[in-house]
Trainee: 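Sending over a structure as structure tokens; questions will come in a sec.
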Amino acid sequence: MSRYQAPLRDIRFALFDVIDAEALYARLGFAGAQRDVMDAVLDEAARFTENVLAPINAIGDEIGCAFDKDSGAVTSPPGFVHAYEQFVEGGWNGLVAPEQFGGQGLPESFGVALKEMIDAANLAWGNYPLLSHGATEALKHHGEAWQQEAFLRPIVSGRWTGTMCLTEAHCGTDLGLLKTRATPNAADGSFAISGTKIFITAGEHDLTENIVHLVLARLPDAPAGTKGISLFIVPKFKVGRDGAMGERNAVRCGSIEHKMGIHGSSTCVMHFDGAQGWLIGQPNKGLMAMFTMMNTARLAVGIQGLGLADRAYQNALAYARDRLQMRSLSGAKFPDKPADPIIVHPDVRRMLLTCKSLIEGGRLLSYHAATLVDVLDHTSDAEEKKRADELLGFLTPIVKACLTEWGVECTYHALQCFGGHGYIAEHGMEQLARDARITTLYEGTTGIQALDLLGRKIMQLQGAGLQHFLGMIQAFCAEQSGNAALAEFVGPLALIAQEWQALTMEVGKRAMANADEVGAASVDYLFYSGYVALAYWWARAVAAADASSPTDLKTAKRETARFYFARILPRTLAHAASIRSGAAPLLTLDAALFDS
Ligand SMILES: Cc1cc2nc3c(=O)[nH]c(=O)nc-3n(C[C@H](O)[C@H](O)[C@H](O)COP(=O)(O)OP(=O)(O)OC[C@H]3O[C@@H](n4cnc5c(N)ncnc54)[C@H](O)[C@@H]3O)c2cc1C
């Protein structure tokens, strides 16, 4: 079984030393977010995730969920219900939820630290409360007052969980194709929802007394495509306007999927047979309302990649220090032992340092992106709000796609460090690699995140978010220009920031002439952007460590940053070359000749 110890030191370093979240929270008026309170919460979160969630991670994988086809009931793996009860009793569910609905109102970006620990400890379990957070966001922003009163309190308290019902058999990425129908019930203003959704995470389970589905469906006479989609709230047990829970609604789980990983997370086919639902927000504007949910969910899935990568790295590191194989090429490092520990070998260090640099850099990238959610929700300055919105929109696909792809990469590196033992179930490394694989797929595949970044955030919105990020890099480089100790990072960072801008212009020009250029460049552009963004955060990490950290941390940050700049940042060269090769190499081979 793999072990997990919450990386509290690096979480605190990221939040408080680099991002300076404490000052931001004070400025935004978060009354409860003082350092001593947050430190105590982080300690407790570590205890809960290490002692309650981590020990049932392997059991969840081995036993998985069970489905009873007669009743449509889903039973979660042993220990999941009890862990959820403790989660709710501890008040974790409402940590960042609004106080007016019973939450604790702590900052979203602070909640991301808890989220990372949950995902690392037990990703499959973490999927049950995950979508409650998304449902809270959608209701908070788009729900009517009675809907907020009736649904938000039980969701925030943890008595009910939420789901997100978008996907149908014939439509995943292309939601414009969806067929689920919503017919008005004249009597009470509700709607009858009919259709079948597939792949619904936590669509049915035994953790809570009710489940609240957020469902995309079409009203009669709705325009075709994405402009004709509305959002509905459809509870498993009906809920009246007074919030009272009533009879069973006409929604039922038809089966659960058997899948590569996250066996403890139920993935359900959901049948809606004229189920009572309530419209959220405006008719035909459902996709916009759902995007409120999807953006936070996309950041959250990025954090899943981070958490799994970190757990895998922790185990690989311990193994590499312990496992004795062969001597170092430059002579024995531990002559008293029968062989050297494998951590002396450059190739094992390559794998470990790749993980360490992507994880710690990714933590800064994602935590900072989450602070923009706090700014967006809490600032009263219109200009600051606009900037946060544009920057968050730009960073969300980068966080989602890069952190999940790096999660896959790191769990594979970590498994490789174990040699053949990594492939054997006993060590738990193969579970982490299998679990990580879903993160690049759900909440929009990597390819779709890349299209969102280049097609929408760069081309349609004229790169406003990129300009803000480049502004952050320029300001940092200017501020550090006299700091000789940082010159080895600041110089290359300033240069690559210029190339990023030039490359963006090149792609933009080409795309004006041929729209396929966007699709051809998008994934390379996304990774190029992710690696440059991480270079910025690594340079900032060294600056912050130099300013106040103990010697071991200072040295570790500097040496890891050197590794990142020397060994990982050059991946941008290959991405830039691919981008510059244009669409032709991808499009000239006729589809009929792919098997010739
Ligand atoms: C375990 C699990 C849990 C899930 N949970 C939920 C959930 O809770 N709620 C929910 O609604 N859905 C859920 N999903 C569905 C998930 O979000 C979709 O599977 C995903 O969005 C991709 O859709 P698809 O599978 O239909 O693939 P498709 O849309 O058919 O895509 C197939 C491939 O084509 C690529 N592609 C498609 N269009 C384009 C394009 N225009 N340009 C470039 N590439 C393109 C995709 O990137 C992908 O590689 C879940 C799925 C799984 C497996």
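Ligands are counted one by one from 1 in listed order, and the atoms in each one are counted from 1 as well.
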Trainee: Please check if the side chain of Ser266 supplies one atom and the backbone of Glu204 the other of a donor-acceptor pair under 3.5 Å.
Mentor: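 Answer holds: yes.
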Trainee: Can you list the residues that meet the salt bridge (Lys or Arg N to Asp or Glu O under 4.0 Å) rule with Glu409, with sequence neighbours excluded?
Mentor: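 Listed in chain order: Arg571.
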Trainee: Name all residues meeting the ring pair (Phe, Tyr, Trp, His ring centres under 6.0 Å) criterion together with Phe527; count only those two or more places apart in sequence or in a different chain, and write none if there are none.
Mentor: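 Only His575 meet the ring pair (Phe, Tyr, Trp, His ring centres under 6.0 Å) criterion with Phe527.
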Trainee: Given that the side chain starts at C-beta and the backbone is N, CA, C, O, which of these parts of Lys197 lies under 4.0 Å from ligand 1, counting heavy atoms, or is it both or neither?
Mentor: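 Looking at Lys197 and ligand 1, no heavy atom falls under 4.0 Å.
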Trainee: Would you check the N or O atoms of Lys259, main chain and side chain alike, for any that come under 3.5 Å of an N or O of ligand 1?
Mentor: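 So ligand 1 has no N or O lying under 3.5 Å from an N or O of Lys259.
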Trainee: Out of all atoms in ligand 1, which are within 4.0 Å of some heavy atom of Glu443? Include the element for each.
Mentor: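 This gives 17 (O) as the contact atoms.
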Trainee: Set out, in order, the CA-CA distance, both residues' side-chain angles and the distance that settles ring pair (Phe, Tyr, Trp, His ring centres under 6.0 Å) for Tyr84 and Tyr128, then state yes or no.
Mentor: CA-CA 9 Å; Tyr84 187 78; Tyr128 291 98; 8.0 Å; no
Trainee: Step by step, would you call Asp273 with Arg252 a salt bridge (charged side-chain N to carboxylate O under 4.0 Å, His left out)?
Mentor: CA-CA 8 Å; Asp273 298 315; Arg252 189 173 193 277; over 6 Å; no
Trainee: Is atom 34 (O) of ligand 1 close to the protein, meaning a heavy atom under 4.0 Å from it?
Mentor: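 Under 4.0 Å from atom 34 (O) of ligand 1, zero protein heavy atoms found.
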Trainee: Look up atom 10 (C) of ligand 1 and tell me if a protein heavy atom lies less than 4.0 Å from it?
Mentor: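 Yes.
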Trainee: Tell me which protein heavy atom sits closest to atom 7 (C) of ligand 1, plus the residue, atom name and distance to 0.1 Å.
Mentor: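 Checking every protein heavy atom, the shortest distance to atom 7 (C) of ligand 1 gives Phe199 O, 3.2 Å.
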Trainee: Mark whether atom 30 (O) of ligand 1 lies under 4.0 angstrom from at least one protein heavy atom.
Mentor: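 No, no protein heavy atom sits under 4.0 Å from atom 30 (O) of ligand 1.
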Trainee: Among Leu175, Thr167, Thr173, Thr267, whose heavy atom sits nearest atom 22 (C) of ligand 1?
Mentor: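 The option holding the nearest heavy atom is Thr173.
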Trainee: In the protein, what heavy atom is nearest to atom 20 (C) of ligand 1, and what distance, to one decimal place, separates them?
Mentor: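 For atom 20 (C) of ligand 1, the nearest protein heavy atom is Leu441 O, 3.7 Å.
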Trainee: For ligand 1 and Leu451, I'd like to know whether there is a polar contact (N/O to N/O, distance under 3.5 Å).
Mentor: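 In this structure, Leu451 places no N or O atom under 3.5 Å from an N or O of ligand 1.
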Trainee: Tell me, yes or no, whether the heavy-atom count around Lys179 atom NZ, taken from other residues, nucleotides or ligands under 6.0 Å, exceeds 12.
Mentor: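 For Lys179, atom NZ is not crowded (no more than 12 foreign heavy atoms under 6.0 Å).
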Trainee: Could you identify the single nearest non-hydrogen protein atom to atom 44 (N) of ligand 1 and state the distance to 0.1 Å?
Mentor: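 For this ligand atom, the closest protein heavy atom is Ile448 CD1, 4.3 Å.
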Trainee: Please name the residue in the list Gln276, Arg248, Met245 that meets the side-chain contact (heavy atoms from CB on, under 4.5 Å) test with Lys238.
Mentor: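 It is Gln276; the other options fail the test.
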Trainee: Please write down residue, atom name and distance for the protein heavy atom closest to atom 23 (O) of ligand 1.
Mentor: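 Checked against all protein heavy atoms, atom 23 (O) of ligand 1 sits closest to Gly172 CA, 3.4 Å.
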Trainee: Under 6.0 Å from the six-membered ring centre of Phe101 and within 45° of its axis: does the NZ or CZ of Arg153 meet both?
Mentor: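 Not satisfied by the 6.0 Å and 45° rule.
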Trainee: For Leu53, is there any backbone N or O sitting under 3.5 Å from a side-chain donor or acceptor partner on Asn122?
Mentor: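 Judged by distance alone, yes, a pair lies under 3.5 Å.
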Trainee: Which residue owns the protein heavy atom closest to atom 8 (O) of ligand 1, what's the atom, and how far is it?
Mentor: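 The closest heavy atom on the protein side is Thr201 N, 2.9 Å.
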Trainee: Give the atom numbers and elements of ligand 1 that come within less than 4.0 Å of a heavy atom of Met164.
Mentor: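 Counting from 1, the qualifying ligand atoms are 7 (C), 8 (O), 9 (N), 10 (C), 11 (O).
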Trainee: For atom 48 (C) of ligand 1, what is the closest protein heavy atom, and at what distance to 0.1 Å?
Mentor: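 I find the closest protein heavy atom is Thr445 CG2, 4.0 Å.
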Trainee: Side-chain contact test, heavy atoms from C-beta onward, threshold under 4.5 Å: evaluate it for Thr163 versus Lys197 and give yes or no.
Mentor: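 Side-chain contact under 4.5 Å: no.
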Trainee: Kindly state if atom 13 (C) of ligand 1 has a protein heavy atom within a strict 4.0 Å cut-off, that is, under 4.0 Å?
Mentor: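 So atom 13 (C) of ligand 1 has protein heavy-atom neighbours under 4.0 Å.
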Trainee: Side chain, backbone, both or neither: which part of Ile438 has a heavy atom under 4.0 Å from ligand 1?
Mentor: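 For Ile438, the contact with ligand 1 is made by the side chain alone.
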Trainee: Would you say that more than 12 heavy atoms from the other residues, nucleotides or ligands in this model lie under 6.0 Å from the CZ of Arg181, or not?
Mentor: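 Counting neighbours around CZ of Arg181, 12 or fewer heavy atoms of other residues, nucleotides or ligands fall under 6.0 Å, so no.
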